[in-house]
Amino acid sequence: MSAPLLLLLAWKPFIDPPPHVWDYWYLLPLPLCLGVSIVYKSIKCPSMKQVPREAAVAFLSIISGLLVAAAVLFGLVRFAVG
């Protein structure tokens, strides 16, 4: 076996996470919210033609809600501790 294949087989993802993922932790909710909005809207919409637009609206709503929640929590911590 080659060395890269052995390294891949020896990798334990929950013990040794990928090295540079945590440099961009704030981007991790984007694919999760996109997947949730697409799946949810593909189940709820009566026509698949409506899914892209409805999923985009749901995605932006989820991300907006997360940003508002983050700003509120940041303000609470900033003024409560500061």
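As the structure is a computational prediction, the values presented were derived from the model and not from experiment. Only heavy atoms go into these numbers, but all of them, side chains included; no hydrogens, no water, no symmetry mates.
Contact of the Ile38 side chain with the Phe59 side chain is not registered, since no non-hydrogen atoms from C-beta on lie closer than 4.5 Å.
Listed here is the closest heavy atom pair of Ile63 and Cys33: CD1-SG, 3.8 Å. Between Gln50 and Cys45, the shortest heavy-atom contact is OE1-CB, 3.9 Å.
Met48 is not connected to Val39 by any chain of hydrophobic side-chain contacts under 4.5 Å among Ile, Leu, Val, Met, Phe, Trp and Tyr, and they are in different clusters. Follow the hydrophobic side-chain contacts under 4.5 Å out from Leu34 and you reach Trp25 in the same cluster. Side-chain heavy atoms closer than 4.5 Å link hydrophobic residues (I, L, V, M, F, W, Y) into clusters, and following such links, even through other members, never connects Phe74 to Tyr26. Each of Leu73 and Leu28 belongs to its own hydrophobic cluster when Ile, Leu, Val, Met, Phe, Trp and Tyr are linked at side-chain heavy-atom distances under 4.5 angstrom. One hydrophobic cluster, built from ILVMFWY side chains closer than 4.5 Å, cannot hold both Leu66 and Val36; they sit in different ones.
Arg53 CZ to Lys41 NZ: the interatomic distance, rounded to the nearest 0.5 Å, is 9.5 Å. With values rounded to the nearest 0.5 angstrom, Ile62 atom CD1 is found 8.5 Å from Leu32 atom CG.
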